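Take a look at the structure below.
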Amino acid sequence: FAAEEFSIEPRRWCFPFAGCVGYRGYFSKEAAEAFAATLRAEGLGVQVAGIPAYSTLGWLDDPVLNTFIHYPETELARLIFHELSHQVVYAAGDTAFNESFATAVEQIGAQRWLSRFGDEAARREYAALEQRRQDFRALTGHTRAALQALYASPLGDEAKRQRKAALFAQMRADYAALREGPWRGFAGYDRFFAQANNASLGVLGAYLQWVPAFQALFQQEGENFPRFYAAVQRLADQPKPERERALQALMPAAAATSKEP
């Protein structure tokens, strides 16, 4: 992932079938690091991170990998729901649409899976994990919004750099307070916050941007997955500006109707 010094919009690359996306994927860490070095030489902020799973968009059977097969059952279910959703609907060139849709499906699917197959211990474990995820989203989302406002402001470059550094320092301090307080020492996000930059916050935003809209649409379609998928496909078939207007129109309803925080 890469982004400019004063932007959280991810750099995009274009490929056959997948269209343009805000990241590049590698099977070799060395190759990824080598390409990252060329981007840093351009002055971009870069994030190189391991990804536990990926989708081939239905062109091939999605692989089951040792990076996730030993996850706790509910977490494994979440990941499978997310990756398989890319085979159901995919809008080439719209990372925020595709990843927000997949994230909504994983959240809805995990709740249904738990209600049908989960025992009390699994529900407690999932509730604890989900609470930390919500805290993480709230903290990073607040910082992302503050950075967006800063980068759009008329301040000079040096003033922006100083304020940017202060915002990242505050985010890391707030994370430390979460980790040592409500999270009781859980350190699973240490690496993310240690390496956090415009690029990592930008791509994280793509995974979350339209989740409330998709959750609202699911309820609008009677919580019926076939109807929901058909409605999402209709959105995917629209030009991107029209698609985003439709999603934005769903966002106000999401706050009142969404079962997911």
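For the numbers below, each heavy atom of this structure counts, side chains included, while hydrogens, waters and symmetry mates do not. The structure presented is a predicted model; accordingly, all values stated were derived computationally and were not measured.
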Requested in this report: Assess whether salt bridge (Lys or Arg N to Asp or Glu O under 4.0 Å) is satisfied between E130 and R124, documenting all intermediate values.
Outcome: CA-CA 10 Å; E130 187 61 19; R124 285 198 302 270; over 6 Å; no

**Report entry** Evaluation steps, side chain to side chain contact (heavy atoms under 4.5 Å, CB included), between Q87 and L57
**Finding:** CA-CA 5 Å; Q87 296 189 16; L57 309 182; 5.9 Å; no

Query raised in the report: Can E73 and R78 be said to form a salt bridge (Lys or Arg N to Asp or Glu O under 4.0 Å), step by step?
Result: CA-CA 9 Å; E73 261 195 324; R78 285 178 70 253; over 6 Å; no

Query - Verdict with supporting geometry, H82 and Q107, side chain to side chain contact (heavy atoms under 4.5 Å, CB included) - result: CA-CA 9 Å; H82 182 107; Q107 292 178 359; over 6 Å; no

**Report entry** CA sep, side-chain torsions, deciding dist, call: V21, D94, side chain to side chain contact (heavy atoms under 4.5 Å, CB included)
**Finding:** CA-CA 7 Å; V21 294; D94 195 338; over 6 Å; no

Report task. Tell me, with the steps shown, if F1 and N197 meet side chain to side chain contact (heavy atoms under 4.5 Å, CB included). Result -> CA-CA 10 Å; F1 315 114; N197 59 14; over 6 Å; no

Query raised in the report: salt bridge (Lys or Arg N to Asp or Glu O under 4.0 Å) between D190 and R179: does it pass, once the steps are laid out?
Result: CA-CA 9 Å; D190 277 8; R179 183 187 59 203; 3.0 Å; yes

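Between E5 and R161 there is a salt bridge, since at least one side-chain N of the basic residue sits less than 4.0 Å from a carboxylate O of the acidic one.
Here the closest non-hydrogen pair linking A236 and R243 is O-NH1, 3.1 Å. Scanning all heavy atoms of the two residues, the minimum distance from G222 to R227 falls at N-NH2, 4.1 Å. Minimum heavy-atom separation, Q47 to Q195: OE1-O, 3.1 Å. Considering every non-hydrogen atom in both A196 and M171, the closest pair reads CB-CE, 3.6 Å. The shortest non-hydrogen separation linking G22 to T95 is N-OG1, 3.3 Å. When all heavy atoms of A96 and Q209 are compared, the pair lying nearest together is CB-OE1, 3.4 Å.
Annotation: D61, atom CG; neighbour count of heavy atoms from other residues, nucleotides and ligands within 6.0 Å does not exceed 12. Atom CZ of R191 has 12 or fewer heavy atoms from other residues, nucleotides or ligands within 6.0 Å. Residue-environment remark: CZ (R172) exceeds the threshold of 12 foreign heavy atoms within 6.0 Å. Within 6.0 Å of the CD atom in E244, the count of heavy atoms belonging to other residues, nucleotides or ligands exceeds 12.
Remark: side-chain polar atoms of T103 are paired, donor with acceptor, to backbone N or O of Y207 under 3.5 angstrom. Using a distance-only test at 3.5 Å, with no hydrogens or angles considered, a donor-acceptor pair links the side chain of D62 to the main chain of T56. R11 contributes no side-chain N or O that, together with a main-chain N or O of A199, makes up a donor-acceptor pair within less than 3.5 Å. At least one donor-acceptor pair closer than 3.5 Å links the side chain of S100 to the backbone N or O of A206. Side chain of T140 to backbone of F136: a donor-acceptor contact under 3.5 angstrom is found.
Separating the CG atom in L204 from the CD1 atom in I8 is a distance of 9.5 Å, to the nearest 0.5 Å. For the atom pair CZ of R184 and CG of L178, the computed distance is 13.5 Å after rounding to the nearest 0.5 Å. Annotation: the span from K240 atom NZ to E242 atom CD amounts to 13.5 Å, rounded to 0.5 Å. With rounding to the nearest 0.5 angstrom, the NE2 atom of H70 is 11.5 Å from the CG atom of L65. For the atom pair L84 CG and E106 CD, the distance stands at 12.0 Å (nearest 0.5 Å). To the nearest 0.5 angstrom, L147 atom CG is 11.5 Å from K160 atom NZ.
If you chain together hydrophobic residues whose side chains sit under 4.5 Å apart, L208 and L201 fall into the same group. In terms of hydrophobic clustering, with Ile, Leu, Val, Met, Phe, Trp and Tyr side chains grouped at heavy-atom distances under 4.5 Å, L79 and L60 are assigned to different clusters. In the hydrophobic clustering of ILVMFWY residues, with side-chain heavy atoms under 4.5 Å counting as a link, I51 and Y71 come out apart. Residues L76 and L114 fall into different hydrophobic clusters, defined by Ile, Leu, Val, Met, Phe, Trp and Tyr side chains chained together at heavy-atom separations under 4.5 Å. Residues F35 and Y54 do not share a hydrophobic cluster, clusters being chains of Ile/Leu/Val/Met/Phe/Trp/Tyr side chains in contact below 4.5 Å.
Proximity of R12 to Y23: side-chain heavy atoms (C-beta onward) are nowhere separated by under 4.5 Å. Between Y126 and E75 the shortest side-chain heavy-atom distance falls below 4.5 Å. With contacts defined as side-chain heavy-atom distances shorter than 4.5 Å, the pair V105/V88 does not qualify. In this structure, Y26 and V48 have side chains that are not in contact, with every pair of non-hydrogen atoms separated by 4.5 Å or more.
For the ring-ring contact (aromatic ring centres under 6.0 Å, His included) criterion with F101, the lone passing option out of W210, F214, F81 is F214.
The ring pair (Phe, Tyr, Trp, His ring centres under 6.0 Å) test applied to W113 returns F117, not counting sequence neighbours. When the ring pair (Phe, Tyr, Trp, His ring centres under 6.0 Å) test is applied to F218, the partners found at least two apart in sequence or on another chain are F225, F228.
Pairs of residues two or more places apart, or lying in two chains, that qualify as side chain to side chain donor-acceptor pair (under 3.5 Å) and include a residue from residues 143-154 are Y151-N198.
Between F168 and F193, the distance separating the two ring centers is not shorter than 6.0 angstrom. The distance between the ring centers of Y175 and F192 does not fall below 6.0 angstrom.
With a 6.0 Å cutoff to the six-membered ring centre and a 45° limit on the axis angle, R132 does not count as a cation-pi contact of Y189.
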